[in-house]
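Worksheet: one structure, shown below.
Keep in mind that this is a model prediction, so the values were computed, not measured.
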Amino acid sequence: SRAPTISVSAESCIPAGLRLGPVPGTFKLGKYLSDRKEPGLKKKVFSCAVTPVFQVRMVRGELVDEAGSSALEWIGLIRAARNSQEQTLEAVADLPGGQIFYRALRDVQPGEELTVWYSNPLAQWFDIPVTATPTHDEKGEERYICWYCWRTFKYPNSLKAHVHFHCALSHGRPFLHHDH
């Protein structure tokens, strides 16, 4: 069954480098990732840090949602980024196999959706492909093709999630790059 579609967005500026977490539960970032950006419920969160440009809401020294709930209660609702252009956070761990946190890659502006993808070291730890090379279809549009089952994807992270979580033909084999 699919996870509910919920959009988590910043109510105020979230500064670059801010860490959220740890992420609770079993970590399966991207398991329900789709090429489509599906509309869903919206949840706004407030920053815990004061920046020189934006007025932010400090609540008990942590990032909180509009109801005052801590990140542990809503961090798992942040959607996986389909590509690096829409990514605002990256999943990181202090040690291989350690607790996982989300870190802001840049200042996230008010109203902007929070989306996350694996840092390269964490992707390698979980055996998630780090890169995906596009090909071009007959219309000249970029597509990403699974080297195992030939299914096509519009976004690179959709392909990576497919290979790791869903492609029955890839299980037990390392990810193949286009030049293999």
Side-chain angles (χ1 to χ4, degrees), residues 1-51 56-84 86-130 155-167 171 175:
S1 66
R2 281 190 64 108
T5 303
I6 295 177
S7 173
V8 178
S9 62
E11 177 69 17
S12 56
C13 182
I14 297 173
L18 182 72
R19 282 177 33 138
L20 312 173
V23 179
T26 304
F27 191 69
K28 292 189 177 185
L29 175 62
K31 183 166 183 167
Y32 302 106
L33 183 60
S34 167
D35 272 345
R36 295 182 323 210
K37 187 171 184 180
E38 300 170 6
L41 302 172
K42 297 196 181 300
K43 182 178 255 315
K44 293 182 180 179
V45 296
F46 301 90
S47 176
C48 69
V50 177
T51 64
V56 294
R57 185 171 171 181
M58 178 80 106
V59 179
R60 296 182 308 276
E62 66 177 327
L63 192 65
V64 298
D65 70 7
E66 70 275 9
S69 301
S70 75
L72 289 177
E73 296 181 44
W74 51 261
I75 195 169
L77 302 175
I78 296 173
R79 284 198 259 202
R82 297 173 296 174
N83 58 36
S84 60
E86 72 179 22
Q87 182 180 356
T88 57
L89 309 170
E90 71 176 346
V92 297
D94 291 330
L95 303 167
Q99 289 185 310
I100 296 169
F101 294 84
Y102 292 165
R103 184 179 66 82
L105 293 171
R106 58 175 173 74
D107 287 348
V108 180
Q109 301 304 313
E112 197 172 353
E113 182 178 7
L114 301 179
T115 58
V116 63
W117 194 249
Y118 297 83
S119 64
N120 285 348
L122 194 62
Q124 291 171 346
W125 173 258
F126 280 105
D127 200 26
I128 303 281
V130 175
Y155 297 99
N157 293 349
S158 301
L159 167 64
K160 295 171 190 177
H162 162 78
V163 169
H164 182 72
F165 292 108
H166 304 293
C167 184
H171 290 293
F175 183 68

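One distance of note links SG of Cys167 with NE2 of His162; it measures 3.5 Å at 0.5 Å rounding. Rounding to the nearest 0.5 angstrom, the gap separating the OG atom in Ser158 from the NE2 atom in His166 is 10.0 Å. Between the CG atom of Leu114 and the CG atom of Leu77 there is a distance of 11.0 Å, given to the nearest 0.5 Å. The line from NZ of Lys160 to OH of Tyr155 is 14.5 Å long, rounded to the nearest 0.5 Å. Note that NE2 of His164 and NZ of Lys31 are 9.0 Å apart. Values are rounded to the nearest 0.5 Å.
Across all their heavy atoms, Ser9 and Gly111 have their closest contact at CB-O, 4.0 Å. Across all their heavy atoms, Gly30 and Trp117 have their closest contact at CA-CZ3, 4.1 Å. Between Thr88 and Glu112, the closest heavy-atom pair is CG2-OE2, 3.6 Å. In terms of heavy atoms, Val92 sits closest to Leu122 at N-CD2, 4.0 Å. The heavy-atom pair separating Leu89 from Ala104 by the smallest distance is CD2-CA, 3.6 Å. Between Ala80 and Leu29, the shortest heavy-atom contact is CB-CD1, 3.8 Å.
Looking at heavy atoms from C-beta onward, Ile100 lies out of side-chain contact with Trp125 at the 4.5 angstrom threshold.
Applying the side chain to side chain donor-acceptor pair (under 3.5 Å) criterion to Gln87, with sequence neighbours excluded, gives no partner residue.
In this structure, Asn120 contributes its side chain and Ala123 its backbone to no donor-acceptor pair below 3.5 Å.
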Mind listing the side-chain donor-acceptor pairs of residues 13-28 below 3.5 Å, one per line with the distance, residues two or more places apart or on another chain?
unit_1 : atom_1 : unit_2 : atom_2 : d
Arg19  : NH1    : Asp94  : OD1    : 3.0

